[in-house]
Amino acid sequence: MTLRTATADDLAAIMDLERTSFPTDAWSEAMMREELVSPHGRYLVDVEAGRLLGYGGVRAVAGAADADIQTIAIAEASRGRGRGRALLRALLQTARDRGAREVFLEVRADNPTAAALYDSEGFVEIARRPRYYQPDDVDAVVMKLDLVAWVAAQQPTADAGVCS
């Protein structure tokens, strides 16, 4: 797995995966193009053997206390292998590097796999937006992560590996 910053050259492959992953509510190509060049965001792609297998983005304005995970998508054949977690962690680190202390995201209520990933990294549900995802009438689950605590949990403890 190779994670790297997305470029305009990745747009077509990102949009192919976007439309496949989110057939009823995919972002437009224009929206995605703007996200890729925004100074307030960072988009990463997961590439293997020259093929895009995933992408994700975070909006994290430098110096702001909060950030938002905008999207994460992994090709269906590549799911369940840690690629989504690796993307999420890299995006969270970007948010922290830019000064964020909290990260928010929205996940479809009918996507328990993604919700379980976010939960396992420390996100907690703070609200629901009824019928947010259209045209499917699916609720959005709004989640929040204490990024300072998440970063601290990623650090090895001084006594790791010591038996007492």
Side-chain angles (χ1 to χ4, degrees), residues 1-8 10-11 13-14 17-18 21-22 27 31-48 52-76 78-129 132-133 139-164:
M1 171 182 349
T2 299
L3 294 180
R4 63 168 171 77
T5 299
T7 69
D10 297 312
L11 183 60
I14 288 172
L17 183 52
E18 172 78 8
S21 299
F22 310 109
W27 289 17
M31 286 173 60
M32 189 65 74
R33 182 181 304 106
E34 290 302 314
E35 287 292 312
L36 293 179
V37 300
S38 171
H40 304 302
R42 181 169 187 224
Y43 276 71
L44 300 173
V45 290
D46 174 2
V47 179
E48 186 174 275
L52 186 133
L53 299 179
Y55 66 89
V58 62
R59 177 165 293 272
V61 177
D66 61 78
D68 293 287
I69 299 295
Q70 299 291 87
T71 187
I72 294 178
I74 303 295
E76 187 172 359
S78 298
R79 293 178 188 156
R81 299 182 184 152
R83 292 178 184 278
R85 185 175 306 277
L87 269 168
L88 176 61
R89 287 180 174 176
L91 296 170
L92 292 174
Q93 190 58 56
T94 294
R96 186 67 189 128
D97 291 347
R98 293 184 178 185
R101 299 179 60 79
E102 297 176 324
V103 177
F104 297 87
L105 60 78
E106 293 153 352
V107 61
R108 288 175 64 111
D110 63 355
N111 190 347
T113 302
L117 167 63
Y118 302 139
D119 182 63
S120 74
E121 287 294 325
F123 280 87
V124 294
E125 180 177 338
I126 59 168
R128 290 215 173 209
R129 293 188 176 140
Y132 181 82
Y133 292 100
D139 292 355
V141 178
V142 181
M143 302 183 86
K144 173 182 160 183
L145 176 73
D146 177 336
L147 192 53
V148 175
W150 179 85
V151 168
Q154 304 305 305
Q155 305 302 319
T157 59
D159 60 353
V162 174
C163 295
S164 51

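Here, residue 1 is the first one in the sequence, and each next residue gets the next number.
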*Could you go step by step and tell me if Phe22 and Thr71 meet the side chain to side chain contact (heavy atoms under 4.5 Å, CB included) rule?*
CA-CA 11 Å; Phe22 310 109; Thr71 187; 3.9 Å; yes
*Where do Leu92 and Ile69 land on the side chain to side chain contact (heavy atoms under 4.5 Å, CB included) test, with the steps shown first?*
CA-CA 8 Å; Leu92 292 174; Ile69 299 295; 4.3 Å; yes
_Could you go through Arg42 and Arg98, starting from their C-alpha distance and side-chain angles, then the distance that decides it, and tell me whether this counts as side chain to side chain contact (heavy atoms under 4.5 Å, CB included)?_
CA-CA 11 Å; Arg42 181 169 187 224; Arg98 293 184 178 185; 4.0 Å; yes
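Thr113 and Arg79 form no side-chain donor-acceptor contact under 3.5 Å, judged by distance and modelled atom types alone.
Note: Gln70 CD to His40 NE2 = 12.0 Å, rounded to the nearest 0.5 Å. Of the inter-residue distances, the one linking Met143 atom CE with Ile126 atom CD1 reads 9.5 Å to the nearest 0.5 angstrom. Interatomic distance, CZ of Arg83 versus CG of Leu3, reported as 8.5 Å (0.5 Å rounding). Atoms CG and CG, from Leu52 and Asp46 in turn, are 7.5 Å apart once rounded to the nearest 0.5 Å. Atom CG in Asp68 sits 12.5 Å away from atom NZ in Lys144 (nearest 0.5 Å).
A heavy-atom distance below 4.5 Å is not found between the side chains of Asp119 and Leu117. With a 4.5 Å cut-off on side-chain heavy atoms, Val141 and Asp139 do not count as touching. Within the 4.5 Å cutoff, no side-chain heavy atoms of Gln154 are placed close to those of Gln93. At a threshold of 4.5 Å between non-hydrogen side-chain atoms, the residues Leu145 and Tyr118 do not count as touching. Side-chain contact between Thr5 and Leu44 is present, with at least one heavy-atom pair separated by less than 4.5 Å.
When atom types are taken as modelled, the side chain of Asp146 and the backbone of Val148 share a donor-acceptor pair closer than 3.5 angstrom. Side chain of Ser21 to backbone of Leu17: a donor-acceptor contact under 3.5 angstrom is found.
For the residue pair Val107 and Ala114, the shortest heavy atom distance occurs at CG2-CB, 3.8 Å. Leu36 and Thr7 get closest at one heavy-atom pair: CD1-O, 3.8 Å. In terms of heavy atoms, Gly56 sits closest to Leu91 at C-CD1, 3.7 Å. In terms of heavy atoms, Arg59 sits closest to Glu35 at NH2-OE2, 2.9 Å. Across Glu18 and Trp27, no two heavy atoms sit closer than the pair OE2-N, 2.7 Å. Ile72 and Leu87 get closest at one heavy-atom pair: CG2-CD1, 4.3 Å.
For Arg96, the CZ atom counts as densely surrounded, since its 6.0 Å shell holds more than 12 non-hydrogen atoms of other residues, nucleotides or ligands.
A salt bridge links Asp10 with Arg4: the distance from a Lys NZ or Arg NE/NH1/NH2 to an Asp or Glu carboxylate oxygen falls below 4.0 Å. For Arg81 and Glu48, the salt-bridge test fails: no basic side-chain N is under 4.0 Å from an acidic carboxylate O.
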